[in-house]
Structure formats: structure tokens, C-alpha cells
**Student:** 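I have a structure I would like to understand better, so I am pasting it below and will then ask my questions one at a time.
Numbers here are sequence positions counted from 1. Both backbone and side-chain heavy atoms feed into the values below; hydrogens, waters and symmetry mates do not.
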Amino acid sequence: MKFKGFRFPERKPTTVSDISELQSLASSQASTAGREAVLTSNALLSSGSIIAPAVVVATSFQSALALCIVFSLVTFFTVLICSFVPRKLVYTVRIIVYTLIASLVYIPVAILMENIMPAQFSALGIYAPLLITNSFITMKTESKFYRLKRGYMTELCGFYIIGYDLALMFFGFMRELLTNGGLFGVQFLPLSIPSVGTVYGGFILLALTAATFRWLLTFPARKRQSEN
């Protein structure tokens, strides 16, 4: 097409190869996000954030599961809704708005938990409503999530939440197993360590779990270095 001596570049039709390249790029981003959120930047085992609820109230698998549900629903929907908050607002005001939105999201989540897991939710105590100020909402949003496109941000946030949930449920599972010598009220181990159920024991177990997790993550790199 010509216009006053200027030739506009003709638009190439989209081919199957172009679509496959976009799909492979998207899957590559998803896999990278998954590895980062679940492994290298795991909120509980790698970065050590949001550990207070885990150590204090996640004394069994069921309590850890209840904590995961509250954390996941409150964090995901709060981050998603807050992504529409104008960036022109002062940082301090934005954090206040995030917390206010999180408190509103928490209300239906609390009603849901009181109906499906009343005993476990009650055992969470003050640590359930305190999740409205967790670092994913107050810090991770500004430092990482809201610097990305909303679609990728939502995906990455989901991966971060899943990574924390998996680590927390494993921690609750191990803690109940070591404390009671079994699971769900059934004892099948000849040895139990009741002190693991205390806050002090929880900190020690979490530290040992995180150290083992990091050692396993860095093991392949150390192995390659030793071979070279």
C-alpha cells in the first residue's frame, strides 16, 4: 500500500509456528514462575516469611490445612482486587487500602471456615485475622506483583501461595507425626516427641526443615561443581 510515496510495511499473517512460539514462551514463563515461587523463593522454607502462624498454630496437619485455606483465599483475592488500586496514591495510603480490602475479603472466608472446619478454624485464634497483614499483601505486592502484567501477576501470585501451602502442610504433617507418634489420632510410631508441638519445638523443626530443603535445592549445583 502506497501513500504519498511512502510504503507501509505489509502485515504478515499469523502462522502456526508463531502461535506455537507464543505458547512455548507462555509455558516457559509459567514453569519459571512455578520453580521460583515453589522452590527458590518459597515463602516458608526459603525466604522465611509468614512463619509465626506456622510455628504457633500449625501443630497438626488439619490445623495447617485450615491455615492454608484462610491464607490462600484472603491473599489471592486481596492481591487481585488491590491490583486495580491507582498507583498514583501515596504508598502509605495504598498499604492502608490493601489492609482494608483484605479485612473485607476475610469476612466471607471466616464464615466459610466456620461452616466447613469450625474446630480447626477456632484453634487458629488471632492468627487467622492477622493474615490480612501478611507480607504477600503488604510487601510482595509493591516489590514484585504489581510490577508485572496482571495476567502473569495472577499466575505468579498463585504459584507463591501454592508453594507456601505445600510447605506449611508438610510442616504440619511432620509436626503431628513427631508430636503424637501418628496422624489423625491414630498412633503407629513407637516414639513420640511432645515438645515438637510447642512453639520452641516448632521453631527448631522449621529451622531443620528449611535447612534440609535448601541443602536439597543446592545439591545438584554442588554435584556439578565437584564433577568439574
**Student:** With a cut-off of 3.5 Å and sequence neighbours excluded, list every side-chain donor-acceptor pair involving residues 51-62.
**Tutor:**
unit_1: S60; atom_1: OG; unit_2: S63; atom_2: N; d: 3.3
unit_1: S60; atom_1: OG; unit_2: S63; atom_2: OG; d: 3.1
unit_1: Q62; atom_1: OE1; unit_2: Q120; atom_2: NE2; d: 3.1

**Student:** Using atom types as modelled and distance alone, determine if a side-chain donor or acceptor of T218 lies under 3.5 Å from a backbone N or O of W215.
**Tutor:**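 Yes, the answer is positive, given that a donor and an acceptor are paired below the 3.5 Å cut-off.
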**Student:** Does anything in residues 71-87 form a salt bridge (Lys or Arg N to Asp or Glu O under 4.0 Å)? List the pairs, not counting sequence neighbours.
**Tutor:** R87-E142
**Student:** Between Y164 and I50, is there a donor-acceptor pair closer than 3.5 Å when you use the side chain of the first and the backbone of the second?
**Tutor:**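 Yes.
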**Student:** Would you be so kind as to tabulate the donor-acceptor pairs closer than 3.5 Å made by side chains of residues 200-207, with sequence neighbours excluded?
**Tutor:**
none

**Student:** The criterion is side chain to side chain contact (heavy atoms under 4.5 Å, CB included); which residues satisfy it with F76, sequence neighbours excluded?
**Tutor:** L80, T154, C157, I161
**Student:** Rounded to the nearest 0.5 Å, what separation is found between the OG1 atom of T133 and the CE atom of M139?
**Tutor:** 12.0 Å
**Student:** For S195, does its backbone N or O pair with a side-chain atom of T198 as donor and acceptor, under 3.5 Å?
**Tutor:** yes
**Student:** Go through the structure and list residues passing ring pair (Phe, Tyr, Trp, His ring centres under 6.0 Å) with F171, not counting sequence neighbours.
**Tutor:** none
**Student:** Taking C-beta and beyond as the side chain, do L168 and F71 meet within less than 4.5 Å on heavy atoms?
**Tutor:** no
**Student:** Could you label the plane-to-plane angle of the F121 and Y106 rings as parallel, tilted or perpendicular, counting under 30° as parallel and over 60° as perpendicular?
**Tutor:** tilted
**Student:** Any salt bridge (Lys or Arg N to Asp or Glu O under 4.0 Å) involving residues 52-74? Give me the pairs, sequence neighbours left out, ordered by first then second residue.
**Tutor:** none
